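Worksheet: one structure, shown below.
In this text the structure is predicted, and so the values were computed from the model without any measurement. The chain is numbered in sequence order, starting from 1.
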Amino acid sequence: TSDAYLQTYVLQVAPQVDGRVVEIYVRNNEPVEKGQKLFSLDPRPYEYQAQQLRAKLVQTRQNIDEFNSDIVAASQVVKQAEADLAYASEHYGDLKPLAEKNYVAKLELDKAFQQVNARRAVLNQARADFVKAKQALEYKIDDEYAIIKEAESSLALAEYNLEQTICYAPSDGYITN
């Protein structure tokens with residue numbers, strides 16, 4: 001018949017990431033199978049980025065350990081400040097009746113009152129530091145610290161980009177120019 005038609009499908013293949021082509025595994029007019037390597041890009045920038053993000057993930061986990069230590073230390077500082085305030089308040093309470101009877105100088109009572117105020121200020125600062133230390137670990141996603149999730153997702157993206165430096169045939173066919 002004179003009405004014959006020839007139909008072909010052309011798939012253009014392009015890498016998902018930028019880079020310099022370092023190796024080509026196929027030649028023109030060569031048949032390829034789905035999943036066969038076609039070419040690869042220089043993986044070094046993506047390897048370096050993945051290594052850097054692995055290190056960042058380890059560092060983030062260490063930071064969490066430090067934050068937990070900071071919480072424990074801040075808790076101890078609060079307890080010490082509470083004890084100091086209790087002692088200063090008790091000392092002031094002991095001096096007040098003695099000062100009213102003039103057994104103790106008014107100056108000494110004023111010093112004791114200033115000590116109570118100073119200890120109260122130290123306690124308030126210690127409590128604020130404790131809250132700040134806890135806030136660093138307060139945010140979680142799926143029972144995992146948000147800063148860990150961020151580092152893990154950045155690493156996963158870097159590893160995905162590294163995998164994309166090798167381009168595979170999406171289907172069976174022929175290589176054409």
Side-chain angles (χ1 to χ4, degrees), residues 14-22 35 40-168 170:
Q16 296 292 318
V17 294
D18 294 332
R20 183 175 55 88
V21 174
V22 292
S40 62
L41 304 176
D42 186 1
R44 291 178 297 176
Y46 299 100
E47 289 170 348
Y48 300 150
Q49 184 179 25
Q51 287 174 355
Q52 183 180 24
L53 291 171
R54 276 187 208 97
K56 183 179 179 186
L57 179 58
V58 169
Q59 184 179 17
T60 302
R61 287 191 173 123
Q62 288 174 335
N63 288 347
I64 286 177
D65 291 342
E66 288 178 24
F67 290 147
N68 283 323
S69 295
D70 290 347
I71 290 170
V72 170
S75 172
Q76 295 302 320
V77 170
V78 167
K79 287 178 184 177
Q80 181 63 48
E82 287 171 343
D84 291 346
L85 176 60
Y87 175 77
S89 296
E90 186 176 325
H91 182 65
Y92 175 75
D94 290 345
L95 289 180
K96 192 171 183 179
L98 296 175
E100 289 171 357
K101 295 180 182 177
N102 290 326
Y103 294 142
V104 175
K106 174 106 169 82
L107 180 63
E108 192 169 335
L109 181 65
D110 290 343
K111 278 182 162 180
F113 183 72
Q114 288 174 350
Q115 277 294 324
V116 169
N117 287 336
R119 298 297 178 199
R120 187 172 290 121
V122 169
L123 176 59
N124 289 338
Q125 182 62 49
R127 286 180 175 156
D129 291 344
F130 177 72
V131 168
K132 182 179 176 184
K134 283 180 61 175
Q135 284 176 342
L137 295 180
E138 194 169 275
Y139 302 103
K140 292 187 175 186
I141 301 170
D142 299 330
D143 291 330
E144 183 74 69
Y145 295 114
I147 56 177
I148 290 287
K149 283 286 193 183
E150 178 187 16
E152 287 174 343
S153 64
S154 295
L155 176 58
L157 179 61
E159 289 172 342
Y160 171 80
N161 287 340
L162 178 59
E163 291 171 5
Q164 298 305 307
T165 60
I166 298 176
C167 221
Y168 298 94

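- The CG atom of Leu109 sits 12.0 Å away from atom NZ of Lys111, with the distance rounded to the nearest 0.5 Å.
- Put simply, the side chain of Tyr92 reaches to within 4.5 Å of the side chain of Lys96, judged on heavy atoms.
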Output a table of donor-acceptor pairs, distance under 3.5 Å, between side-chain atoms of residues 147-160 and any protein atom two or more places apart or on a different chain; print 'none' if there are none.
unit_1	atom_1	unit_2	atom_2	d
Glu152	OE2	Arg61	NH2	3.1
Ser153	OG	Lys149	O	3.2
Ser153	OG	Glu150	O	3.0
Ser154	OG	Glu150	O	3.1
Glu159	OE2	Arg54	NH2	3.4

Quick one, Leu41 with Val17, criterion side chain to side chain contact (heavy atoms under 4.5 Å, CB included). Give me CA distance, side-chain angles, the key distance, then yes/no. CA-CA 9 Å; Leu41 304 176; Val17 294; 3.9 Å; yes

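- Looking at Glu163 and Gln16, their side chains never come closer than 4.5 Å, going by heavy atoms from C-beta outward.
- A distance-only check finds a donor-acceptor pair linking the side chain of Asp42 to the backbone of Arg44 [under 3.5 Å].
- Between Pro15 and Gln164, the closest heavy-atom pair is CB-O, 4.5 Å.
- In this structure, Gln115 and Arg119 have side chains that are in contact, with non-hydrogen atoms separated by less than 4.5 Å.
- Lys56 contributes atom NZ, which lies 7.0 Å from atom CG of Leu53 (distance to the nearest 0.5 angstrom).
- In this structure the side chain of Ser40 never reaches within 4.5 angstrom of the side chain of Thr165, judged on heavy atoms.
- In summary, the side chains of Asp129 and Gln125 do present a donor paired with an acceptor at a separation below 3.5 Å, with no hydrogens or angles considered.
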Test side chain to side chain contact (heavy atoms under 4.5 Å, CB included) on Tyr46 and Asp18 and set out the steps. CA-CA 10 Å; Tyr46 299 100; Asp18 294 332; 4.2 Å; yes

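- The shortest non-hydrogen separation linking Glu47 to Leu162 is CG-CD1, 3.5 Å.
- Distance check: Asn117 CG to Leu85 CG gives 9.5 Å after rounding to the nearest 0.5 Å.
- With a 4.5 Å cut-off on side-chain heavy atoms, Tyr145 and Leu137 count as touching.
- In this structure, the separation between CD on Gln59 and CD on Gln62 is 7.0 Å, given to the nearest 0.5 Å.
- Taking a 6.0 Å sphere around NZ of Lys134, one finds it holds 12 or fewer heavy atoms contributed by other residues, nucleotides or ligands.
- Taking both residues in full, the closest heavy atoms of Glu82 and Leu123 are given as CG-CD1, 3.4 Å, listed atom of the first, atom of the second, then distance.
- Side-chain atoms of Gln80 and Asp84 form a donor-acceptor pair, as typed in the model, at a separation below 3.5 Å.
- The distance from atom NZ of Lys106 to atom CG of Leu95, rounded to the nearest 0.5 Å, is 11.5 Å.
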